[in-house]
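Counting from 1, the numbers follow the sequence of the chain as shown. It should be emphasised that the depicted structure is a prediction, and the values quoted were computed from it without experimental measurement.
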Amino acid sequence: MALFETTSGAAGFVGADVQKYFISPLFLGNDVLSKFDVMGDIKGNTYLDHFSAASKITSADNGGKFAGVAGTTYTNPQVSPNRVEAEIAMNGNSFYNKVKGMALKLGTDKDNVDGTVLKEIASKLMLQGIQADFNRQLWFGNTAAIVTGGDYSVYEGIWASLQAKVPAAQLVVTTYATNVANEAAIAALEVVYGKATAELKELPKTFYVSGQIADDYVAELTAKGVAPAYSDLQNGIPSLSYRGIPIVVRRDWDTVLANDFAQVPTASANLGDASVDAVYTSAAGARIALIADGAMVVGTDFEGANVESWYNQDEKEYRFRFGYNCGTVLLDAKLACTYISEQA
């Protein structure tokens with residue numbers, strides 16, 4: 001029997017779920033603050049008290065009167081945070097005739113996404129973006145005049161603090177290239193360790209390495225047949241070490257150095273003189289930082305800050321805003337050394 005209706009000219013139906021959504025994953029790396037001294041209630045420039053280690057204060061008793069001797073140096077490293085802010089706006093009309101348009105309100109509230117799945121999506125995306133920016137800017141933030149735009153010229157990040165304070169004797173500037181046969185990664189880690197001061201070698205410390213160094217290191221250990229001695233699984237997470245020193249892999253560095261190199265000052269840039277500052281003109285190479293645990297101070301109020309949200313009736317937008325302070329300082333130049341490859 002023939003059907004009354006024909007469907008040859010109609011499009012096939014595809015179901016859509018208004019509540020379901022997928023946000024692309026974003027790699028944030030290991031907890032960036034776990035090995036640093038975090039000051040969580042910084043509201044402006046803050047001086048820190050620092051006393052150098054005391055030494056050579058004991059001498060023979062000559063039977064005469066007591067004479068005091070100088071034994072330590074008192075300095076005031078300064079954390080100089082800057083205020084940063086993130087704000088986004090969402091208009092419900094943008095989703096009209098889209099899948100998520102089914103979740104919109106009616107009448108004059110149609111642009112107000114409060115109480116809908118769209119607000120949930122925007123909140124998650126914003127927090128994800130803030131976390132990614134925090135990790136990126138904490139390492140590569142730099143206020144040098146040559147760093148233009150707002151993505152990195154926010155405050156002095158960890159690399160800027162290291163380059164400003166670590167002396168040339170503890171800085172390796174070279175060109176790194178993957179070479180498993182010649183054990184390039186092992187050689188890089190060895191030269192960084194060799195640059196470490198006696199004080200740094202004595203203290204608990206951590207290697208921070210870009211993904212290229214980590215991958216090459218694993219490949220070289222595997223080729224030597226000794227990988228199990230250096231890598232194990234802790235709660236399912238690969239753990240690397242060199243000379244017993246933990247290695248934290250920062251794959252986000254690779255992304256910054258490959259894509260945002262024009263915002264990263266070169267290792268040879270003199271950050272105190274804008275006339276000779278320079279940024280990379282092509283993808284920068286691998287990096288290593290060996291830092292004593294607790295030697296890098298991060299001043300921020302990030303953890304105590306809250307996201308503001310409100311509906312702006314004039315602009316017909318629902319807005320989200322988040323702001324915080326952040327800045328870094330290395331307490332003592334003896335407590336870090338770095339390895340920077342100027343080319344990829």
Side-chain angles (χ1 to χ4, degrees), residues 28-54 72-84 130-144 147 152-167 170-171 192 195-209 245-248 250 252-253 256 264-265 267 271-272 287-305 323-340:
L28 296 176
N30 296 286
D31 181 4
V32 71
L33 299 175
S34 61
K35 299 293 184 74
F36 302 147
D37 185 1
V38 181
M39 300 180 64
D41 192 26
I42 291 292
K43 295 182 174 63
N45 292 341
T46 303
Y47 283 111
L48 308 176
D49 289 330
H50 178 252
F51 297 87
S52 66
T72 185
T73 301
Y74 173 60
T75 56
N76 294 114
Q78 178 178 312
V79 179
S80 300
N82 284 342
R83 188 90 186 149
V84 295
I130 289 169
Q131 289 176 331
D133 289 344
F134 179 73
N135 278 18
R136 175 174 51 80
Q137 293 168 345
L138 184 66
W139 281 103
F140 289 96
N142 200 304
T143 59
V147 179
Y152 291 91
S153 58
V154 286
Y155 54 82
E156 295 295 276
I158 293 171
W159 277 111
S161 294
L162 290 172
Q163 286 180 248
K165 202 160 189 176
V166 172
Q170 294 157 230
L171 169 65
V192 173
K195 292 285 185 178
T197 63
E199 292 86 349
L200 178 55
K201 289 179 179 179
E202 181 70 17
L203 293 170
K205 52 198 164 292
T206 302
F207 274 110
Y208 301 87
V209 306
I245 304 168
I247 294 177
V248 173
R250 301 297 317 180
D252 50 332
W253 292 4
V256 171
V264 180
L271 302 182
R287 293 193 172 201
I288 303 172
L290 178 60
I291 308 173
D293 296 347
M296 183 64 67
V297 174
V298 178
T300 181
D301 59 357
F302 182 87
E303 294 182 357
Y324 61 93
N325 275 321
C326 197
T328 69
V329 66
L330 179 66
L331 287 177
D332 192 320
K334 296 179 181 179
L335 301 184
C337 48
T338 60
Y339 177 104
I340 298 177

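- Taking a 6.0 Å sphere around NZ of K195, one finds it holds more than 12 heavy atoms contributed by other residues, nucleotides or ligands.
- Counting heavy atoms from C-beta outward, N142 and Q163 have side chains that stay 4.5 Å or more apart.
- Of the N and O atoms on the side chains of S161 and E156, not one donor lies less than 3.5 Å from an acceptor on the other residue.
- Rounding to the nearest 0.5 Å gives a distance of 6.0 Å between CG of L203 and CG of L335.
- Checked against salt bridge (charged side-chain N to carboxylate O under 4.0 Å, His left out), R287 has no partners two or more places apart in sequence or in another chain.
- Taken to the nearest 0.5 Å, the CG atom of D133 stands 8.5 Å off from the OH atom of Y152.
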Under the ring pair (Phe, Tyr, Trp, His ring centres under 6.0 Å) criterion, do W253 and Y208 qualify, and how do the steps go? CA-CA 10 Å; W253 292 4; Y208 301 87; 7.2 Å; no
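- By the side-chain contact (heavy atoms from CB on, under 4.5 Å) test, S153 pairs with V147, sequence neighbours left out.
- Annotation for R250 and D252: closest pair NH2-OD2, 2.7 Å, computed over non-hydrogen atoms.
- For the atom pair CZ of F36 and CG of L138, the computed distance is 7.0 Å after rounding to the nearest 0.5 Å.
- Here the side chain of T328 pairs a donor or acceptor atom with the backbone of G157 at under 3.5 angstrom.
- Residues satisfying the side-chain hydrogen bond (donor to acceptor under 3.5 Å, both in side chains) criterion with Y339, sequence neighbours excluded, are absent altogether.
- Under the side-chain hydrogen bond (donor to acceptor under 3.5 Å, both in side chains) criterion, D293 pairs with T206, sequence neighbours left out.
- The two residues A196 and K201 come nearest to each other via the heavy atoms O-CE, 3.6 Å.
- Evaluation of the side-chain contact (heavy atoms from CB on, under 4.5 Å) rule for L162 yields I158, W159, V166, A289, I291, M296, L330, A336, T338 as partners, not counting sequence neighbours.
- When the side-chain contact (heavy atoms from CB on, under 4.5 Å) test is applied to V154, the partners found at least two apart in sequence or on another chain are V84, Q137.
- Inter-residue side-chain proximity for Q170 and L290 is flagged as unmet; no heavy-atom pair is nearer than 4.5 Å.
- For K205, there are no salt bridge (charged side-chain N to carboxylate O under 4.0 Å, His left out) partners two or more places apart in sequence or in a different chain.
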